[in-house]
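Everything on this sheet refers to the single structure shown next.
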Amino acid sequence: MLNENNLHELDEIIKRYPEPRAALLPALWLAQEQEGFISQDMMKHIAHVLHLDYAHVLGVVTFYTMFHDKPKGKYHIEVCTNISCLLRGSKKILDSVEQHCGIKKGEVSKDGKYSIEEVECMGACGGAPMIAIGEEYFENLNPEKTENLLSNLK
Amino acid sequence: MEKFLLPEIPNYNLIDIYESHGGYQALKNAIAKQPADIIEEVKKSNLRGRGGACFYTGLKWTFMPKDDAKPKYFCVNGDESEPGTFKDRYLFEFNPHQVIEGILISCYAMGITTAYIYIRGEYGKWIRMMQKAIDDAYAKNYIGQNILGTNFSTNIFIHKGAGAYICGEESALMNSLEGERGYPRVKPPFPAQNGLWGNPTTINNVETIANVPLIINKGWEWFANYGAQKHPGPILVGISGHVNKPGVYEIATGVKLTDLIYDEKFGSGILGGKKLKAVIPGGSSTMILPADKIENVSMDFDSLKQAGSSIGTAGLIVMNEDTDLIEVITRVTKFYHHESCGQCTPCREGTGWMEKILNRFEKNEARAEDIDLLLDVANNIEGNTICALGDAAAWPVQSMIKRFRGEFEAKIKS
């Protein structure tokens with residue numbers, strides 16, 4: 001369930017659009033920020049609030065790669081391996097991240113601290129290779145810098 | 001050279017600093033004029049869209065119905081997700097008010113009272129920067145009801161995407177905004193007739209709109225004569241890959257690609273003093289150009305078209321002599337396969353088939369007939385899909401085979 005603050009915020013967001021259906025992506029963002037992921041119960045709750053079919057909400061959640069229907073690590077690490085990052089050594093960056101976290105891309109560490117995702121271009125090609133941890137971008141990396149960065153995550 | 005999209009003024013992102021350098025004066029001048037006159041000025045300026053298609057902005061605006069009682073909408077496309085493209089992010093960070101001012105002038109010109117800025121979900125940090133600028137502009141009544149004491153009212157909202165390249169396609173963007181999966185719509189009808197919620201809608205790229213205040217302030221004559229004749233104006237070029245100084249650079253259209261790569265003002269030469277092998281001039285979907293084919297080619301629509309590629313988003317990807325082009329094309333194809341929305345069979349299946357064939361080349365396991373098979377699949381995607389993602393997936397493969405066939409032949413299993 002969305003908490004009271006988020007339900008109130010969703011009410012405000014709905015007013016931006018002529019139809020409440022348009023508030024679905026914003027609602028899913030609120031849910032994910034609140035819970036870290038979007039559970040099936042949450043999808044049903046949002047479907048109810050916005051008068052949508054649950055199947056529609058599920059379809060939207062699974063279409064967009066940034067919505068997660070399972071919990072991610074405390075630090076969700078996204079490694080770009082697309083063209084500009086590839087040219088500047090992103091394979092080694094992905095190796096460093098996997099090695100440090102002790103998991104492979106697509107996995108969540110057992111203690112829940114890390115999850116790794118290989119992602120498409122994040123729009124930081126001038127600072128390639130790059131990773132993102134949560135919303136923060138870290139650019140112009142090499143394996144040493146990556147290792148230092150990850151070692152500082154508490 | 002003076003900069004017009006990314007002026008080198010400290011704290012230009014702050015509304016007070018923006019105002020102290022003449023910011024929002026274009027809005028004041030615009031709302032003293034007739035809306036039709038603004039559209040005419042933008043038309044005469046020859047401003048062309050900066051999102052990839054290079055369509056004439058003023059002409060696009062004239063497609064909006066004038067006497068329709070239906071509500072009209074404006075969408076600003078900030079989904080920038082084409083690999084090699086990272087320019088709009090700089091506008092959100094360093095010049096958000098020029099984007100806002102451009103939106104307001106556009107809305108005034110087309111009689112629109114609601115604008116949405118669709119920004120990719122990964123740009124959470126930049127969404128907050130843009131929201132701060134919007135809030136500050138509301139506080140000074142540049143946005144909202146009865147703007148600056150006139151009858152003109154407009155609201156601006158940010159809509160956050162959630163990681164789908166396809167939502168940069170304008171009709172997929174509208175579906176996403178309406179709370180749907182990002183499926184492109186069949187055109188016609190075009191957005192100006194049947195856009196958001198079935199109403200007239202215009203969609204422009206962020207950078208395109210940031211040019212609008214310049215046209216009002218400096219006049220269409222200035223704009224039309226700045227840079228390349230048929231594709232004028234300032235433009236943001238993103239240079240990435242094997243150059244010494246990658247980054248976003250503002251130029252006047254028409255600068256030579258070799259200058260962008262080697263000049264100290266721009267890329268400052270190839271990393272490690274290596275030789276150039278090839279460039280992809282306008283984001284990953286544009287056709288690759290071998291090093292010996294870029295002499296005298298410049299960053300504008302006509303020159304790149306003549307050279308056998310296109311300007312796209314002006315995301316110049318530079319590759320040195322050591323680059324494994326098979327690895328590059330495999331990764332790019334994997335991207336288009338991942339991002340295909342799945343509506344059209346040629347794109348959904350074809351991008352996957354191309355990726356599988358390319359994986360064989362990458363592992364040196366390809367058969368001799370795989371080159372023509374790959375080309376055949378690409379040719380059967382191109383032109384056979386609802387939107388241009390299919391073409392965007394086919395062009396890099398077709399051009400790579402045409403211009404670097406030897407790289408494929410070298411990977412055939414002996």
Side-chain angles (χ1 to χ4, degrees), chain A residues 13-30 32-33 38 46 50 52 56-68 78 80-88 90-91 117-130 132 134-137 139-140, chain B residues 71 80-89 114 116 120-126 128 155 157 159-165 167 176-183 196-197 199 238-242 245-248 271 280 284 315 317-320 323 327-328 331-332 334-335 338-339 341-342:
Chain A
I13 289 170
I14 289 171
K15 292 177 192 162
R16 299 174 189 168
Y17 310 98
E19 291 180 16
R21 191 181 182 91
L24 179 54
L25 264 67
L28 293 170
W29 275 118
L30 288 175
Q32 187 157 295
E33 280 154 23
I38 306 166
I46 287 173
L50 295 177
L52 301 168
H56 176 69
V57 177
L58 176 67
V60 168
V61 168
T62 52
F63 182 86
Y64 294 93
T65 54
M66 289 188 79
F67 290 139
H68 306 306
E78 295 170 301
C80 173
T81 59
N82 211 312
I83 182 165
S84 303
C85 284
L86 170 75
L87 294 171
R88 305 285 297 219
S90 62
K91 279 191 171 168
E117 192 177 347
E118 181 183 15
V119 294
E120 299 300 352
C121 182
M122 297 192 85
C125 319
M130 65 82 70
E135 273 188 358
E136 205 63 38
Y137 280 23
E139 306 183 25
N140 299 305
Chain B
E80 85 173 343
S81 309
E82 168 91 347
T85 313
F86 48 107
K87 63 190 179 67
D88 294 339
R89 194 185 120 189
T114 308
Y116 299 100
R120 65 179 300 181
E122 291 85 347
Y123 282 0
K125 210 169 122 182
W126 291 273
R128 284 197 298 280
N155 283 305
F157 304 112
H159 193 90
K160 184 180 182 180
Y165 167 74
C167 292
S176 181
L177 220 153
E178 291 182 16
E180 305 289 324
R181 281 173 280 182
Y183 284 167
L196 280 172
W197 302 287
N199 298 306
I239 308 179
S240 67
H242 297 140
K245 284 191 190 165
V248 169
L271 206 59
I280 295 174
S284 63
I317 304 164
V318 178
M319 289 165 280
N320 73 15
T323 309
E327 189 181 32
V328 166
R331 184 61 187 88
V332 167
K334 182 185 172 196
F335 165 74
H338 182 258
E339 299 301 329
C341 82

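Numbered from 1 within each chain, the chains take letters A, B, ... in sequence-line order.
Proximity to chain B involves both the backbone and the side chain of A:T81, based on heavy atoms less than 4.5 angstrom apart. Contacts between B:E80 and chain A at a heavy-atom distance below 4.5 Å are absent for every atom of the residue. Heavy atoms closer than 4.5 Å to chain B are found nowhere in A:A132, neither backbone nor side chain. With a 4.5 Å cut-off on non-hydrogen atoms, A:V119 touches chain B through its backbone but not through its side chain. Using a 4.5 Å cut-off between heavy atoms, B:V328 touches chain A through backbone and side chain atoms alike. Proximity to chain A (any heavy atom under 4.5 Å) is restricted, for B:T323, to the side chain, taken from C-beta onward. In this structure, the portion of B:E339 lying under 4.5 Å from any heavy atom of chain A is its side chain and not its backbone. Using a 4.5 Å cut-off between heavy atoms, B:C341 touches chain A through backbone and side chain atoms alike. Both the backbone and the side chain of B:L177 come within contact range of chain A, judged by heavy atoms closer than 4.5 Å. Neither the backbone nor the side chain of B:L196 comes within contact range of chain A; no heavy atom of the residue lies under 4.5 Å from a heavy atom of that chain. With a 4.5 angstrom heavy-atom cutoff, B:F157 touches chain A only via side-chain atoms.
B:Y116 and A:Y17 have parallel rings, their planes meeting at less than 30° on a 0 to 90° scale where 60° marks the start of perpendicular.
Ranking B:E82, B:K87, B:R128, B:K245 against chain A, the residue ahead of the rest is B:R128, based on heavy-atom pairs under 4.5 Å. The candidate with the highest count of non-hydrogen atom pairs below 4.5 Å against chain B, out of A:C125, A:P26, A:A22, is A:C125. Residue with the most contacts toward chain B among A:H56, A:E120, A:E135: A:E120 (heavy-atom pairs, distance under 4.5 Å).
Taking the six-membered ring for Trp, A:Y137 and B:W126 have ring centres closer than 6.0 Å.
The salt bridge (charged side-chain N to carboxylate O under 4.0 Å, His left out) search around B:R181 returns none, not counting sequence neighbours.
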